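In what follows, a single structure is set out as structure tokens and then discussed.
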Number of protein chains: 2
Amino acid sequence: MKLSDGEWKVMQVVWEQQEVAARDVFDALEEETEWAYTTVKTMLTRLAEKGALAMHKRGNVSVFKPTISRAEARRSDLRGLVERAFDGAFGPMLQFLIEDKSLSAKERRKLQGLLEELEKENKGKRKGK
Amino acid sequence: MKLSDGEWKVMQVVWEQQEVAARDVFDALEEETEWAYTTVKTMLTRLAEKGALAMHKRGNVSVFKPTISRAEARRSDLRGLVERAFDGAFGPMLQFLIEDKSLSAKERRKLQGLLEELEKENKGKRKGK
DNA sequence: AGTGAACTGTTACAAATGTAGTAAGACAGT
DNA sequence: ACTGTCTTACTACATTTGTAACAGTTCACT
């Protein structure tokens with residue numbers, strides 16, 4: 001599933017609230033964007049057509065729920081990036097991230113911490129098995 | 001600079017060869033895509049209009065050179081992803097990368113190695129200073 | 001029951017993207 | 001000089017995305 005920039009904004013709201021009407025999204029994005037109410041409506045309809053949202057009626061109001069998770073969407077966006085920009089492999093991307101110093105020292109430390117944790121977990125699992 | 005999927009393909013070739021005519025790109029992408037020669041031509045022209053390529057004539061042949069580096073393009077694509085999908089911060093993205101197990105064990109080890117190296121480098125620098 | 005606000009479905013239109021055809025000019029081999 | 005091949009500039013058309021207006025319908029309140 002490929003989401004455009006605008007669609008991402010809408011989806012972020014939907015994932016927060018899990019169940020939204022156009023009005024909810026409009027309200028949530030009022031600060032961030034200048035969209036007209038009908039623009040939000042259009043986005044929602046398109047996302048439903050695309051299959052990213054499920055729509056049903058509550059009275060005469062359309063209610064939308066996500067059919068894909070944020071994690072899935074993130075995964076596929078990430079995969080897209082890796083494919084178009086990094087020869088399809090995560091390795092080069094990670095390398096780039098690090099070498100390019102896109103990361104602050106803090107982020108690096110955090111990353112390292114996470115990796116270590118994961119490492120431990122895995123050892124645990126292997127033993128238990 | 002925002003590049004579309006197709007534009008990325010073209011740019012990858014240009015970065016490889018540093019200096020290309022439409023024919024070169026067409027040849028290089030023949031395996032990967034089904035594009036007509038004129039499609040390649042169009043992409044190149046558009047990329048030049050966009051400012052991602054510089055064009056000049058050698059005889060009656062148009063020759064193109066990159067005006068942005070692959071690293072720059074990667075950075076901005078990465079930044080785009082982080083902004084739309086991860087609240088604008090690298091941290092959450094890294095967290096996701098790891099927790100979500102988008103990475104294989106091998107990739108994780110590699111990442112860890114890279115981080116350690118970087119760590120060492122930095123210590124060295126600090127001492128030297 | 002009447003009315004204004006909110007909501008819906010439909011339609012619109014421009015820019016970006018994917019994909020390519022065509023006509024005309026340049027050039028290399030005969 | 002002629003002809004086939006290559007290249008270019010220009011044009012074309014569908015789809016996706018950004019952005020929204022409009023007209024009809026419904027609902028809540030008086």
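Computed from heavy atoms alone, side chains included, the values below leave out hydrogens, waters and symmetry copies. Protein chains get the first letters and strands the later ones, always in sequence-line order, with residue 1 at the start of each. Remember, it's a predicted structure, so these values are computed and weren't measured experimentally.
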Considering every strand and a 4.0 Å limit on heavy-atom distances, what is the contact class for [X]: base, sugar-phosphate, or nothing?
X      : value
S62(B) : sugar-phosphate
K9(A)  : nothing
T39(B) : base
K2(B)  : nothing

Could you tell me the separation between the [atom1] atom of [X] and the [atom2] atom of [N], rounded to a whole number of Å?
X      : N       : atom1 : atom2 : value
W8(B)  : dT17(C) : CH2   : P     : 14 Å
R58(B) : dT7(D)  : CZ    : P     : 14 Å
M43(B) : dA20(C) : CE    : P     : 10 Å
W35(A) : dG18(D) : CH2   : C1'   : 8 Å
D24(A) : dC7(C)  : CG    : P     : 9 Å
D5(A)  : dT17(C) : CG    : C1'   : 14 Å
F26(B) : dG18(C) : CZ    : P     : 18 Å
L44(B) : dA20(C) : CG    : P     : 15 Å

Practice prompt. Could you check D77(B) against R70(B) for salt bridge (charged side-chain N to carboxylate O under 4.0 Å, His left out), going step by step and ending with a plain yes or no?
Written response: CA-CA 10 Å; D77(B) 207 334; R70(B) 173 145 42 187; over 6 Å; no
Are OP1 or OP2 of [N] and a side-chain N or O of [X] less than 4.0 angstrom apart?
X      : N       : value
R46(A) : dT16(D) : no
Y37(A) : dT8(C)  : yes
K41(B) : dA9(D)  : yes
K57(B) : dA26(C) : no

Worksheet item: Can you check side chain to side chain contact (heavy atoms under 4.5 Å, CB included) on L97(B) and M93(A), steps first, answer last?
Response: CA-CA 11 Å; L97(B) 262 178; M93(A) 181 181 76; 4.1 Å; yes
Item to complete: Could you say whether K50(A) or N60(B) is positioned toward the 5' end of DNA chain D, judged by the nucleotide with the nearest heavy atom to each?
Response: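 It is N60(B), whose closest nucleotide lies nearer the 5' terminus.
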Item to complete: Would you mind telling me which residue lines up with the more 5' stretch of DNA chain D, A36(A) or E7(A), judged by nearest nucleotide?
Response: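 Whichever sits nearer the 5' end wins; that is E7(A).
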From the list [options], which nucleotide is the closest neighbour of the side chain of [X]?
X      : options                  : value
T38(A) : dG9(C), dA9(D), dT17(C)  : dG9(C)
A22(B) : dT8(D), dT19(D), dT19(C) : dT8(D)
R23(A) : dT17(C), dC6(D), dC7(C)  : dC7(C)

Worksheet item: Which distance, rounded to the nearest 0.5 Å, do you find between the CG of L81(A) and the CH2 of W8(B)?
Response: 7.5 Å
Fill in: Q18(A) CD: over 12 foreign heavy atoms closer than 6.0 Å
yes
Discussion item. Side chain to side chain contact (heavy atoms under 4.5 Å, CB included), that's the test. Do K65(A) and M55(A) meet it? Break it down for me.
Written reply: CA-CA 7 Å; K65(A) 279 192 285 201; M55(A) 168 174 53; over 6 Å; no
Discussion item. Pair Q12(B), R84(A) - check side chain to side chain donor-acceptor pair (under 3.5 Å), show working.
Written reply: CA-CA 9 Å; Q12(B) 298 284 18; R84(A) 75 180 161 269; over 6 Å; no
